[in-house]
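Each remark here refers to the structure printed beneath this line.
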Number of protein chains: 2
Amino acid sequence: MSQPKDTSGSKSGSESGSQSAAAEAAATAEMTMPPSVQAGAMTHAIFRVARLHRMLAAQLLRRVGLHPGQELVMMQLWDLGPQRQADLVRLLGSDAATMTRTIRRLEHAGFVRRHPCATDRRAFIIEPTTASLALRRQVEEVWAELESSVADSLTPDQQTEAIDALTRIERSLAHATTRHASAEQ
Amino acid sequence: MSQPKDTSGSKSGSESGSQSAAAEAAATAEMTMPPSVQAGAMTHAIFRVARLHRMLAAQLLRRVGLHPGQELVMMQLWDLGPQRQADLVRLLGSDAATMTRTIRRLEHAGFVRRHPCATDRRAFIIEPTTASLALRRQVEEVWAELESSVADSLTPDQQTEAIDALTRIERSLAHATTRHASAEQ
DNA sequence: GCGCTTTACTTGTTCGGGCAGGAAATGGCG
DNA sequence: CGCCATTTCCTGCCCGAACAAGTAAAGCGC
């Protein structure tokens, strides 16, 4: 319904940067969202925050030569030392197949090394290289910058409130997810 | 650095469903996260919420035969009527290349139809098919279920607080993103 | 030992997302 | 009019994420 006949005349003429176009649209789209999207206020808010957050994280990580997701693997290795792939999968809640490819790319980039486990010939031990130690500082800087981008314009009270809200939402989602997984099929 | 010698003994023996394994890990990982991850409390909370939310959305959408992202395109078409691909890209803040492929898959699934624009021979007009109207109810049900999964276990006050917090975070992120995009390069 | 299940990892496929590059059409300016 | 930047769309490539299927090894019961 409400078919806009003038499909050709719809420019707004504000396209400035190619990279910020998506963020711009996501930021300004909150007002122009159609009714069926407005129905889920929380859902839509989570969508937008997640997208902006992921976009910013990718943008910052690209400066240090990492793709989103790879930094989490490196953090686990830096903090907990050499581990098997299965341990990384379990800690990050990732997929074994995704981990295989991520590890391979990190190995090819020279950030991790892998050698077969002595006691279990199925397993591989993944360990960070000494070359990755320089990366660690950069990643921590990125992490800090990301955190400040989220929290800087919030008062301490608002930060506490935000974390509380996110924690509650997470619990709610976790409950729903496990419920769905166990209920159906 | 605390090399875990017992790499073979690390099972927790609680793997029930293959699909809930990731959610389970994500939900329980909040306590076992290493120091460098704990540093960014907000960042990490957003990560976890976004992941659970996307996972649940994908799970629900799969039941109606859609992949995450496709439902947003259909919603725009249902609410605003036939549009050009460029309009969809602008409204959803997506990528032109991604939109090309998404539209092609939706067309192949029979949910949209595309025909060349009369006034602009570069553009294509995308319109929802009548067959997609049945899908609309299902998508709205999915959307409602997703929303209730987020909000059900929250009091009205907590919901308002959550939306406030998410809105503040979004504004903060949008500001940081545009600032980054304009500052560097 | 033998057979079975479980675990660890790999590969293939499909999808969204982003970037780069190119073809075609448009529109503005000299 | 021609020239040129812009817009629109397509394609290829890379990456993360998820699913399915397969291999190899380990563990367990008999």
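- The listed nucleotides are D:dC10, C:dT26, D:dA17; the one nearest the side chain of B:F124 is D:dC10.
- Phosphate proximity of D:dC10 to B:R114: present, with a side-chain N or O under 4.0 Å from OP1 or OP2.
- Note on A:R101: every side-chain N or O is 4.0 Å or more away from OP1 and OP2 of C:dG12.
- B:T100 has a side-chain polar atom (N or O) that falls below the 4.0 Å cut-off from OP1 or OP2 of D:dC10.
- In this structure, A:D120 atom CG and D:dG27 atom C1' are separated by 10 Å, rounded to whole Å.
- Here C:dG17 presents its P atom at 18 Å from NE2 of A:H53, a figure rounded to the nearest Å.
- Counting any heavy atom pair closer than 4.0 Å across all strands shown, A:A86 reaches sugar-phosphate atoms only and no base atom.
- Out of C:dC9, D:dA18, D:dC9, the shortest distance to the side chain of A:T98 is found at D:dA18.
- The CD atom of A:Q70 sits 11 Å away from the C1' atom of D:dC14 (whole-angstrom rounding).
- If you check C:dC15, C:dT11, C:dC9 against the side chain of B:H67, the one that comes closest is C:dC15.
- Distance CG (B:D87) to P (D:dT7): 14 Å, rounded to an integer number of Å.
- When distances are taken from the side chain of A:A123 to each of C:dA8, D:dT8, D:dA17, the shortest belongs to C:dA8.
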* For salt bridge (charged side-chain N to carboxylate O under 4.0 Å, His left out), just list the numbers for B:E141 and B:R63, CA-CA rounded to whole Å, side-chain angles, deciding distance to a tenth of an Å, and then say yes or no. => CA-CA 11 Å; B:E141 282 176 18; B:R63 301 200 302 213; over 6 Å; no

* **Stepwise salt bridge (charged side-chain N to carboxylate O under 4.0 Å, His left out) test for B:R101 and B:D95** => CA-CA 10 Å; B:R101 287 180 280 255; B:D95 187 87; 5.5 Å; no

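- Proximity of A:E127 to A:L77: side-chain heavy atoms (C-beta onward) are nowhere separated by under 4.5 Å.
- Taking 3.5 Å as the limit, the base of D:dT7 and the side chain of B:R122 contain a donor-acceptor pair of atoms between them.
- Taking atom CD of residue B:E107 and atom C1' of nucleotide C:dC15, one finds them 18 Å apart after rounding to whole Å.
- Contacts of A:A97 with the nucleic acid, taken as non-hydrogen atoms under 4.0 Å apart, include base atoms.
- Under 4.0 angstrom from either OP1 or OP2 of D:dG16 there lies at least one side-chain N or O belonging to A:R105.
- Counting to the nearest Å, the P atom of D:dC13 and the CG atom of B:D95 are 17 Å from each other.
- Annotation: the span from A:D87 atom CG to A:L80 atom CG amounts to 9.0 Å, rounded to 0.5 Å.
- A donor and an acceptor atom, one from each side chain of A:H44 and A:R48, are located under 3.5 Å apart.
- OP1 or OP2 of C:dT10 lies within a sub-4.0 Å distance of a side-chain N or O belonging to A:Q85.
- Per the geometry, CG belonging to B:L106 stands 12 Å off C1' belonging to C:dG16, to the nearest Å.
- Distance check: A:I103 CD1 to A:Q70 CD gives 9.5 Å after rounding to the nearest 0.5 Å.
- Here the C1' atom of nucleotide D:dA18 and the CG atom of B:L61 are 14 Å apart, to the nearest Å.
- For the pair B:R121 and C:dA24, the criterion of a side-chain N or O lying under 4.0 Å from OP1 or OP2 is not met.
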